[in-house]
Amino acid sequence: MAVVDAMLQVLTQQVFTALQEHARFALDFKDQFELMKTRLDLTKALLADTENLKEKKKVVQAILIRLRDLIYEADNIMTDCLVRDEYQKEASCTSLTLKKPLFWYQTGKKLKDVNAKLGEMEKSLGEHLKYQDQSDHGDNTSQSMKYTAQDYVPSEIIGLEEDLKRLKGWIGDTKDELLLVGIVGMGGLGKTTFAQKIFNDQHVAGRYDNMIWVSVSQASSDMRIMRSMLEQLESHCSVSDEAQMLHKLNELLKGKTCLIVMDDVWKINQGWWNQFFSGLQSAVGESSCIIITTRNEEVLTSMGVDKSRIHRPKLLTANDSWLLFSKSAFSRCRDRKCPDAQFERVGKELLEKCGGLPLAIKAVAALLAPRSNSVLQWNEINENFHELTAGRNFTSVMASLQLSYDELPIHLKQCLLCFSVYPEDSEIQAEQLIHWWVAEGLIQGKGSKTAKELGFRYLSELVTRCLVEAVNRRGYDGRVYCCKMHDMVRELTTRIAEEESIGKFDEQGKQEMTANSRWLGFTSEMNQEPLKKSSKLRALLIMSTNDQVVFGRHFGLLGSLRVLDFSLTKLEKISTEELVEWISSLKRLAYLNLSGIVGLKEVPYSFRKLRNLQFLVFAGRNDLGKIDQITSLKKLVVLDLGSCFHYLPSGIERLSYLQELSGFKVASNSRSAASCKFCDLEKLVHLRVLRMSVGKDSEITENEREVLLKLKKLKVLAIDAQDCEDNIISTMLNILSPPPSLQELYLRRYHQDTLPRWINPERLSKLQYICIENGEISDFQTSPLSVDGRDFPWNIEGLCFKVLPNLKLDWKKVEEDMPSLQYAEVSGCLNLRNFPHPLDKLATWRKSED
């Protein structure tokens with residue numbers, strides 16, 4: 001159970017840190033917390049064993065669900081202790097002192113109860129695992145199977161003929177000693193069918209002395225792969241030692257041309273592969289080829305497949321889906337054609353739900369073919385599609401996707417299940433999703449990487465494994481900005497989420513509210529009444545646009561809530577007073593996104609009660625006024641004020657955990673002492689991202705030259721000059737001195753002729769991306785900067801120039817001076833010469849194109 005493991009990691013670390021740092025509450029309950037840590041460590045070990053079970057039996061599943069509920073209960077106790085500790089440090093509430101004996105008694109009682117139940121569950125899990133171990137003897141490992149032409153069942157390649165032609169072209173044109181070709185995609189996309197078509201093509205086969213097919217699968221070993229190859233080259237394989245097998249293979253293939261297909265590779269032993277490939281490379285004849293099919297692009301990269309030789313089969317178009325469907329669905333009809341328009345209408349509705357996935361289309365067609373004389377039965381199947389996918393007719397489709405899920409490491413499983421709460425075909429903003437993951441406790445920072453940075457990496461891994469689709473990516477490094485999920489994969493996530501009692505879903509795959517729901521996407525179709533009883537809810541994403549919904553005391557206590565997100569809606573008429581009162585009561589809240597609450601114009605005084613808040617987001621807002629209470633929220637990690645027109649209050653240094661600050665407006669030092677000054681930023685030593693605006697009323701003095709330099713972890717700096725044409729802007733920005741750690745720089749609405757002096761390759765040696773928009777600069781120095789006889793070239797990999805009408809630059813010189821440049825976006829730069837694409841609209845350039 002992925003979510004249990006995630007919460008165990010977080011809770012164990014919190015308990016350990018509290019004991020190590022001698023927090024007040026940890027000393028009050030030292031014995032119970034030490035016992036809890038011991039039991040949590042043991043539970044983690046037992047959970048690792050349950051992950052190895054081929055199928056979790058009902059008794060284990062029930063224990064794990066109860067265990068997760070218990071972990072959540074323990075997390076609530078820990079959160080309450082941490083919040084109370086914050087209050088006590090300030091001594092800001094006299095009533096807390098009076099209530100201390102009561103809190104001490106209640107918390108001690110809860111801790112003892114949790115520890116006792118943990119002990120019982122450890123015993124139950126341990127006994128079951130012992131029994132399971134005794135009953136699971138025997139060799140269950142999959143065999144690596146060979147494939148021959150006799151095994152081949154012709155399968156239609158519809159709509160992908162050009163792709164097949166391109167793959168054959170790669171193989172036919174190669175003069176390499178040993179070409180590597182990769183085919184990557186989600187389960188059911190037709191990767192094996194592609195490989196089979198090539199393997200059984202007579203023209204392809206005529207080029208090779210030997211043809212070898214190995215079905216690798218998840219459990220295959222290096223020895224089984226080589227044994228399968230040897231058995232296809234000689235009738236009897238007499239060697240059993242790995243080194244002897246490698247030698248024998250090279251001996252049998254020496255000087256001969258060969259085509260080897262390694263189908264369904266999940267992971268590779270890198271040491272073995274390097275030895276195998278280098279030996280084969282020196283043995284085989286010219287124009288030999290290895291085709292590798294996989295669901296994980298990282299496998300191909302690790303095996304050395306060039307990016308230009310990786311094929312990614314696409315989902316079928318509506319027309320091609322219909323052609324593939326018709327081949328099977330109407331196989332019993334006269335002339336193998338659709339009988340009438342009614343069948344076509346129902347069939348096409350079903351195909352929409354298959355989302356262009358060939359395996360799903362074939363499964364639906366096979367199910368409908370015996371019923372091709374009854375449109376009523378077709379309608380019934382269409383209406384019950386969600387139930388259908390869980391039935392035996394769709395076993396091959398869901399089993400294929402289940403394999404992809406089972407292969408995921410635990411940290412990716414828990415992240416993938418979050419997609420279940422989003423409606424079908426939703427386009428999901430990556431940052432919003434990752435904020436949820438971190439606030440829920442599903443991701444923790446490791447080493448120098450923050451939890452949010454790891455979140456982007458995890459999302460990229462899910463895309464690489466073909467379980468999530470990237471809708472919008474950053475050009476130069478591929479960071480995912482927006483994503484979506486194929487309907488079939490979502491079916492899988494909703495089923496698993498329901499099995500693990502995270503949420504409940506109806507026949508159409510829409511989420512339903514229950515008292516046991518942990519995550520909820522609240523839509524306009526839902527009744528808010530059941531929320532009053534949803535005390536276990538931890539994540540609430542508001543997707544309703546209904547202004548009649550009353551977000552107030554009557555909405556429910558929701559005492560366990562960690563995530564509250566209004567970014568997926570736009571509510572203009574709701575009562576902000578009731579909303580604020582309700583939100584202020586959510587003392588365990590860790591992530592609050594209020595972007596969609598149009599009527600909220602300030603950060604209310606009562607928000608100072610949210611002592612566990614780590615993410616506060618008003619992204620996209622430009623009307624936020626009073627924000628005086630921000631500095632009371634000491635646990636903030638991310639603060640996004642949008643385009644706030646007010647200055648931050650003094651005391652920003654209290655936000656000592658802050659890693660990301662957006663919407664910082666630089667004030668004048670002559671303003672009242674109540675405003676935050678530029679020099680106050682130097683205390684935020686953990687800051688990674690700073691987005692700030694500088695205008696005519698701002699002030700940055702010589703004494704503040706090293707403010708940014710002291711932010712040694714700063715990676716992203718965005719400066720908005722607010723269209724100010726006064727020369728004072730240039731003077732202020734020239735004073736700045738960003739740290740050498742800077743990796744991304746954004747400069748917008750800067751109406752000066754020359755860039756600030758520090759924007760050069762010597763000062764910004766680690767800069768990977770620069771974006772300059774809506775400005776009047778006339779020059780950008782691309783050539784290396786010489787300092788004390790040493791040349792410093794740019795290491796930039798991506799750049800963006802937009803609406804810079806005065807910029808005079810030769811693109812050929814840019815390419816020559818900036819060899820690391822991989823990607824560029826350009827528009828509105830009328831004086832840019834020799835750019836390979838028209839500049840009347842947004843144009844993109846990639847190095848691989850030229």
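Remember, predicted model here, so these are calculated numbers, not experimental data. One is the number of the first residue; the rest follow in order along the sequence.
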Any heavy-atom pair between the side chains of [Y] and [X] that's under 4.5 Å?
X	Y	value
L316	P358	yes
S228	W213	no
E286	T257	no
M488	K353	no
D263	V216	no

Do [X] side-chain atoms and [Y] backbone N/O form a donor-acceptor pair below 3.5 Å?
X	Y	value
T464	S460	yes
T494	R490	yes
T294	N296	yes
R309	L179	no
R227	M245	no
Q768	E797	no
E461	L412	no
D201	K197	no
Q822	R846	no
S328	L324	no

Open item on the list: side chain to side chain contact (heavy atoms under 4.5 Å, CB included) for I496 and E500? Distances and angles first, verdict last.
Closed with: CA-CA 6 Å; I496 296 172; E500 299 195 358; 3.9 Å; yes
TODO: Fit a plane to each ring of W436 and Y422, take the angle between them on a 0 to 90° scale, and name the class: parallel (under 30°), tilted (30 to 60°) or perpendicular (over 60°).
DONE: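 Geometry flag for Y422 against W436: tilted rings.
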- [ ] Evaluate the ring planes of W273 and F277, with Trp represented by its six-membered ring, and classify them as parallel (under 30°), tilted (30 to 60°) or perpendicular (over 60°).
- [x]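 Correct class here is parallel.
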TODO: Test M485 against every option in L467, I428, L416 by the side-chain contact (heavy atoms from CB on, under 4.5 Å) rule and name the one that passes.
DONE: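 The single option meeting the side-chain contact (heavy atoms from CB on, under 4.5 Å) with M485 is L416.
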Rounded to the nearest 0.5 Å, what separation is found between the [atom1] atom of [X] and the [atom2] atom of [Y]?
X	Y	atom1	atom2	answer
I443	T450	CD1	OG1	9.5 Å
L351	T317	CG	OG1	10.5 Å
I183	K191	CD1	NZ	9.5 Å

Write down the atom of [X], the atom of [Y], and the distance for their closest heavy-atom approach.
X	Y	result
Q270	S302	NE2-O, 2.7 Å
L459	C483	CD1-SG, 4.1 Å
M211	F199	CE-O, 3.1 Å
N274	S278	O-OG, 2.9 Å

Task: Geometric cation-pi criterion, R479 with F456: 6.0 Å, 45° - done: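 Judged by the rule (NZ or CZ under 6.0 Å from the ring centre, within 45° of its axis), R479 counts as positioned above F456.
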Task: Test: K847 cationic atom under 6.0 Å from Y823 six-membered ring centre, within 45° of axis - done: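 Geometry flag: not set, cation outside 6.0 Å or 45°.
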Task: Under the side-chain contact (heavy atoms from CB on, under 4.5 Å) test, residues paired with A497 that sit two or more places apart - done: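 For A497, the residues satisfying side-chain contact (heavy atoms from CB on, under 4.5 Å) (neighbours in sequence not counted) are S420, I502, F505.
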Open item on the list: Between D264 and T293, is there a side-chain donor-acceptor contact under 3.5 Å, judged purely by atom types and distance?
Closed with: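 Per modelled atom types, T293 and D264 side chains form no pair under 3.5 Å.
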Task: Listed partners of H435 passing ring-ring contact (aromatic ring centres under 6.0 Å, His included), at least two apart - done: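 Expected list: Y591, F615.
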TODO: Identify, with sequence neighbours excluded, every residue that meets ring-ring contact (aromatic ring centres under 6.0 Å, His included) alongside Y458.
DONE: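 Partners of Y458 under the ring-ring contact (aromatic ring centres under 6.0 Å, His included) test: H411.
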